[in-house]
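To keep things clear, I will list the structure first and then write my remarks on it.
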Amino acid sequence: MTQTPFPDDFLWGCATAAYQIEGSPLADGAGASIWQRFSHDPRLMAAKGDTGDVACDHYNRMADDVALMKELGLQAYRFSVAWGRVLPEGTGRVNQAGLGFYERLVDTLLANDIEPLCTLYHWDMPVALDDRGGWLNRDSADWFADYGRVLFDRLDGRVKKWVTLNEPWVVTDGGYLHGALAPGHRNMFEAPIASHNLMRAHGAAVKAYRETGKHEIGLVVNLEPKYAASDSPEDQAAQRRAEAYMNRQYLEPAIHGRYPPELKEIFGEAWPDWPAEDFALIQQPIDFIGVNYYTRNVTRADDSWPLNAGPVPQTQATHTTTGWEVFPQGLTDVLLWVKENYGDLPLYITENGAAFYDPPNAEGGRVDDPLRVDYLRKHIAAIGSAIEQGADVRGYMLWSFLDNLEWSLGYSKRFGIVHVNFETQARTPKNSARLYSQVIATNAATL
Ligand SMILES: OC[C@@H]1[C@@H](O)[C@H](O)[C@@H](O)c2[nH]c(CCc3ccccc3)c[n+]21
């Protein structure tokens with residue numbers, strides 16, 4: 001048994017997102033989000049009938065859920081705010097009842113010695129703004145900054161770690177290129193525009209935070225390390241395109257004020273000439289980078305659209321129920337890649353976890369999830385290895401605290417370390433929750 005001690009102030013927590021756990025999406029004056037619209041549309045939703053109307057009913061069960069977080073020993077909790085609860089029309093009128101829910105959540109967390117990490121945007125834009133063009137409208141940067149100011153004014157100080165966007169790549173690739181996620185567009189010309197406006201909005205919100213904010217704000221990106229399938233020039237070029245498209249497209253402008261050249265190659269005539277002043281806005285200095293890691297990709301040249309690059313199935317490996325290869329080394333590799341390419345900004349693992357087929361509630365209220373226990377042990381050890389090699393990793397937010405709505409895949413993909421019986425809303429910690437409690441108590445990875 002090898003123990004890898006973590007830094008003394010390493011922050012151990014869990015992550016969730018508003019639309020995936022809260023339910024009551026229209027309660028107390030809230031304005032509908034694009035996910036309310038998308039999940040109710042059987043033409044768009046893969047898991048037809050699975051909506052966020054109830055989810056984990058966290059909106060009504062928040063105090064009990066925070067008590068369970070405390071019981072498990074969580075030191076932090078990463079959540080997102082549903083924009084439409086706070087600003088039902090997306091801009092203008094503030095819905096005090098909606099803002100009040102998040103104020104109660106933050107105060108309850110603090111009363112339980114759990115540090116709140118607040119994500120402003122985890123994919124649920126108000127429909128009122130989507131109807132005005134959403135992320136395709138350059139005004140979205142101002143809408144988002146104004147929304148941020150409402151939260152900063154009310155919660156900064158109690159919230160000391162802010163995140164502007166969760167995974168702009170997924171918002172763009174899923175919502176505007178392939179259409180698998182809200183708002184369900186499939187348009188190669190729209191995707192770069194949405195992507196660019198998301199980053200302008202990120203910059204505008206960071207700039208707004210610096211007007212009054214006294215703590216930290218960062219950006220969360222999903223990173224999937226790309227390993228060329230061979231040394232052939234074709235596979236090497238495919239790896240560069242895939243890495244640029246997913247892993248560099250957002251960090252390059254945020255940190256270096258530029259886009260990777262491969263994006264013009266990928267999008268061709270669909271890649272606009274961006275106004276130079278946009279990059280000064282996007283490149284606002286941030287205090288940390290949040291890394292969401294789940295798996296890797298072995299990449300080869302192929303005729304897939306739009307990258308002409310695709311995965312080589314790793315048939316010999318363990319896979320999750322979402323089809324992702326379990327590859328802990330990729331987490332070590334990608335943390336060192338961030339350090340090498342983007343400098344020594346503090347890093348947080350803002351998401352890491354896995355969906356496996358968990359047994360139903362066994363007798364005595366236990367859920368045995370050995371594959372998730374093994375996944376977490378190995379990925380937490382992988383972080384320890386990156387830290388030993390010089391990565392400045394400050395915390396780990398496990399995805400996820402509860403089984404929840406896995407977007408268009410519905411409730412069948414269970415990522416929680418706490419099982420949710422969606423008929424009764426009963427919460428049952430899985431064995432992985434017990435493992436995580438031990439990791440937190442010892443501040444060490446044990447393999
Ligand atoms: O899929 C598990 C989680 C989601 O539930 C989170 O809301 C989201 O932040 C998130 N991102 C990723 C990695 C990127 C990705 C998202 C969706 C589909 C494929 C890859 C995995 N997850």
Side-chain angles (χ1 to χ4, degrees), residues 13-22 33-35 38-39 45-47 50 52 55-56 58 77-82 117-125 163-182 184 195 198 218-226 242-243 245-247 249-251 289-297 307 310-311 319-327 330-331 334 348-356 358 372 375-376 379 396-418 420:
C14 282
T16 65
Y19 193 73
Q20 295 182 266
I21 67 165
E22 289 178 358
S33 78
I34 55 176
W35 269 97
F38 191 93
S39 69
M45 192 72 175
D50 280 4
C56 307
H58 177 73
Y77 173 58
R78 177 183 173 232
F79 65 95
S80 78
V81 173
L117 283 75
C118 180
T119 301
L120 297 179
Y121 190 69
H122 202 124
W123 308 357
D124 48 0
M125 175 174 267
V163 168
T164 55
L165 304 174
N166 179 75
E167 301 186 338
W169 179 85
V170 179
V171 177
T172 301
D173 184 83
Y176 288 89
L177 192 73
H178 293 291
L181 303 174
S195 185
L198 275 157
L219 172 68
V220 167
V221 290
N222 56 289
L223 295 179
E224 183 182 81
K226 315 292 182 183
E243 182 176 280
Y245 177 60
M246 183 186 283
N247 298 343
Q249 183 170 186
Y250 303 95
L251 288 176
I289 295 171
V291 174
N292 291 357
Y293 175 83
Y294 289 86
T295 189
R296 70 153 172 186
N297 187 289
L307 292 182
H319 287 70
T320 69
T321 55
T322 49
W324 299 339
E325 180 193 1
V326 177
F327 191 73
L331 179 48
V334 85
Y348 289 86
I349 311 297
T350 33
E351 286 179 29
N352 173 247
F356 291 110
D358 295 339
R372 186 174 294 101
Y375 180 100
L376 295 175
H379 284 81
Y396 176 80
M397 304 297 132
L398 193 160
W399 185 271
S400 180
F401 174 57
L402 298 171
D403 292 334
N404 61 55
L405 177 65
E406 180 50 32
W407 303 111
S408 60
L409 300 181
Y411 294 100
S412 65
K413 307 303 181 194
R414 291 177 174 266
F415 279 86
I417 58 171
V418 173
V420 176

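Every number for a ligand or one of its atoms is a count from 1 in the order of the listing.
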Practice prompt. Please confirm whether N222 comes within less than 3.5 Å of ligand 1 when only nitrogen or oxygen atoms on both sides are compared.
Written response: no
Discussion item. Could you identify the single nearest non-hydrogen protein atom to atom 17 (C) of ligand 1 and state the distance to 0.1 Å?
Written reply: V170 CG1, 4.2 Å
Worksheet entry | Atoms of ligand 1 close to N166 [distance to a heavy atom under 4.0 angstrom, numbered from 1] | 9 (O)
Item to complete: Kindly indicate whether the side chain of N166, heavy atoms from C-beta on, has any atom under 4.5 Å from the side chain of W123.
Response: yes
Discussion item. Just to confirm my output: which protein heavy-atom neighbour is closest to atom 12 (C) of ligand 1, and how far is it?
Written reply: Y294 CE1, 3.3 Å
Discussion item. Any heavy atom of H122 closer to ligand 1 than 4.0 angstrom?
Written reply: yes
Fill in: ring-ring contact (aromatic ring centres under 6.0 Å, His included) against F356, all qualifying residues, sequence neighbours excluded
none
Item to complete: Look up atom CD in Q249 and atom OG1 in T172, then write down how far apart they are to the nearest 0.5 Å.
Response: 6.5 Å
Worksheet, complete the sentence: atom 8 (C) of ligand 1: closest protein heavy atom, distance to 0.1 Å, is E351 OE1, 3.3 Å
Worksheet item: Going by heavy atoms in the side chains, are Y245 and L177 under 4.5 Å from each other?
Response: yes
Worksheet item: Is there a nitrogen or oxygen of E167 sitting under 3.5 Å from a nitrogen or oxygen of ligand 1?
Response: yes
Item to complete: Please list all pairs passing the salt bridge (charged side-chain N to carboxylate O under 4.0 Å, His left out) test where one or both residues lie in residues 406-415, with sequence neighbours left out.
Response: D403-R414
Item to complete: May I ask you to list the atoms of ligand 1 that are less than 4.0 angstrom from any heavy atom of Q20?
Response: 5 (O), 6 (C), 7 (O)
Worksheet item: Looking only at heavy atoms of W123, does any of them come nearer than 4.0 Å to an atom of ligand 1?
Response: yes
Worksheet item: Any N or O of E406 that comes nearer than 3.5 Å to an N or O of ligand 1?
Response: yes
